[in-house]
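So the structure is just underneath, and the comments pick up after that.
For this chain, numbers begin at 1 and follow the sequence in order. Ligands are counted one by one from 1 in listed order, and the atoms in each one are counted from 1 as well. Scope of the values below: all heavy atoms of this structure, side chains included, with no hydrogens, waters or symmetry mates.
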Amino acid sequence: MITKELLVPYLANIVAVIHADGVIQEEETSALESICQRIEAGREDLEEAIRCIAENRFRLTPVGRFSDKVRNLEDMVFVAMKDGNLAKEEKALVLSFAKNIQITQSQFRTIVSETKLKIDLQRSCRVCTQCGASIQADARFCTECGNPC
Ligand SMILES: [Zn+2]
């Protein structure tokens, strides 16, 4: 768990990636919000992170322990790939962050392919194919009818 004062740089790293291709997509925003929930960041932390990036007074800063840095990298990849692909600018940023925290090329490739799998899974499981109920993105079966998804 990252400490309160590290929340803004943690989030700013992710926002920097989203911002790299010049637009913040709706899908990217919702991914960002779920990350905020997970790390218990408030709206003001996210707004401050976005301000830092918009005003161009931030550069990528790995924060916390090694595990936090890796998690941060995973979040960056996840958010960047949410709109379907890793844009060139996004990839450059994420790669430089990975290098900074000494993640190897093959570790990086693993993170990217695992993230892609996770996103595909979430896409395919939003609505139950049998009864149409909306179900948790990562659910293994429908909570309404039990249909595996
Ligand atoms: Zn169902």
Quiz item: So does Glu114 pair up with Arg109, basic N to acidic O under 4.0 Å?
Solution: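 A salt bridge is absent here (no side-chain N lies under 4.0 Å from a carboxylate O).
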Do [X] and [Y] pair up side chain to side chain, a donor and an acceptor below 3.5 Å, judged on atom types alone?
| X | Y | result |
| --- | --- | --- |
| Gln37 | Ser34 | no |
| Tyr10 | Asp75 | yes |
| Asn13 | Thr61 | no |

Quiz item: Do you know which of Thr29, Ile53, Ile50, Val79 makes side-chain contact (heavy atoms from CB on, under 4.5 Å) with Ile18?
Solution: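 The passing option is Val79.
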Practice problem: Using 2.8 Å as the cut-off, note every protein N, O or S atom close to the Zn ion (ligand 1). | Solution: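 Those protein N, O or S atoms (cut-off: under 2.8 Å from the Zn ion (ligand 1)) are Cys128 SG, Cys131 SG, Cys142 SG, Cys145 SG.
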Quiz prompt | Separation of Ile111 CD1 from Lys118 NZ (nearest 0.5 Å) | solution =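 Between atom NZ of Lys118 and atom CD1 of Ile111 there are 11.0 Å.
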